[in-house]
Amino acid sequence: MGAIYTNVIIRNPAVPDKSWEGRFLVDTGATESLVPAPRLEAIGLKPVTQRVYELADGSEIEMGIAPGVIEFMGEIVGTTIVFGAPDAEPLLGVTALESAAVEVDPRNQKLKKLPGGKLKRKHKGLPLAA
């Protein structure tokens, strides 16, 4: 399967008019989305904590993370964004894909929107949110 790319806008949730748009590699092996730290800092995002991540080669690295807003394919989702090295390739991870109800179509090598999710009443007597 070849690489799939999509245009993504990263927004600062505290200041939504501050954003950065880039071309992201869709990475189904990555849980979170990764953006070069200088791009995030330019829109006012700062790491709120650190998390250890396992890299493709099995090594581990501690990286900063922050909540952010991701827009792609007409969808807007809130997700964890990882602060990558200045020369890192932006990655769109599985969490953002699933939150936006988007899946990878490997046959056609593109992204595909899924039908809307279902909300079901789990407990008798509890109303669904309006």
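Along the sequence shown, residues are numbered consecutively beginning with 1.
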Trainee: Search all heavy atoms of L92 against all heavy atoms of F24 and return the closest pair with its distance.
Mentor: N-CD2, 3.8 Å
Trainee: Any heavy-atom pair between the side chains of E60 and L55 that's under 4.5 Å?
Mentor: no
Trainee: Check the hydrophobic clustering (I, L, V, M, F, W, Y; side-chain heavy atoms under 4.5 Å; chains of links allowed) and say if V102 and V104 are grouped together.
Mentor: yes
Trainee: With no hydrogens and no angle check, is any side-chain donor or acceptor of D105 less than 3.5 Å from a backbone partner on R107?
Mentor: yes
Trainee: Treat each ILVMFWY residue as a node, draw an edge where side-chain heavy atoms are under 4.5 Å apart, and state whether V94 and V26 are in one component.
Mentor: no
Trainee: Which atom pair, heavy atoms only, marks the closest approach of P90 to P36?
Mentor: CG-CD, 4.0 Å
Trainee: Looking only at heavy atoms, which two atoms of P67 and V48 are closest? And how far apart?
Mentor: CD-CG2, 3.9 Å
Trainee: Would a 4.5 Å heavy-atom cut-off, applied to side chains only, mark I81 and L34 as touching?
Mentor: no
Trainee: Could you state whether V35 and V15 fall into the same hydrophobic cluster, counting links through intermediate Ile, Leu, Val, Met, Phe, Trp or Tyr residues with side-chain heavy atoms under 4.5 angstrom apart?
Mentor: no
Trainee: Near R11 CZ, under 6.0 Å, is it more than 12 heavy atoms from other residues, nucleotides or ligands?
Mentor: yes
Trainee: Do I76 and I70 make a side-chain contact, defined as non-hydrogen atoms from C-beta onward lying under 4.5 Å apart?
Mentor: no
Trainee: Looking at E103 and K113, is there a salt bridge between them, counting it only when a charged N and a carboxylate O are closer than 4.0 Å?
Mentor: no
Trainee: I9, I43: one ILVMFWY side-chain cluster at the under-4.5 Å cut-off?
Mentor: no
Trainee: Under 4.5 Å between side-chain heavy atoms, counting indirect links through other Ile/Leu/Val/Met/Phe/Trp/Tyr residues: same cluster for V8 and Y5 or not?
Mentor: no
Trainee: For the residue pair A14 and N12, what are the closest heavy atoms and their distance?
Mentor: N-OD1, 2.9 Å
Trainee: Decide yes or no on side-chain contact (heavy atoms from CB on, under 4.5 Å) for L97 and L111, but give the supporting numbers first.
Mentor: CA-CA 9 Å; L97 292 169; L111 297 178; 4.2 Å; yes
Trainee: What are the two closest non-hydrogen atoms of A66 and K46, and how far apart are they?
Mentor: CB-O, 3.4 Å
Trainee: I'd like to know if the side chain of T95 reaches the main chain of T31, judged simply by a donor and an acceptor atom lying under 3.5 Å from each other, with no hydrogens or angles considered.
Mentor: yes
Trainee: Between I65 and Q50, is there a side-chain heavy-atom distance shorter than 4.5 Å?
Mentor: no
Trainee: So, do P13 and V69 sit near enough that their side-chain heavy atoms are less than 4.5 Å apart?
Mentor: yes
Trainee: How would you list, by chain and number, every residue that makes a side-chain contact (heavy atoms from CB on, under 4.5 Å) with E32, sequence neighbours excluded?
Mentor: R51, Y53, T80, V82
Trainee: Do you know the tightest heavy-atom contact between F83 and P47?
Mentor: CZ-N, 3.5 Å
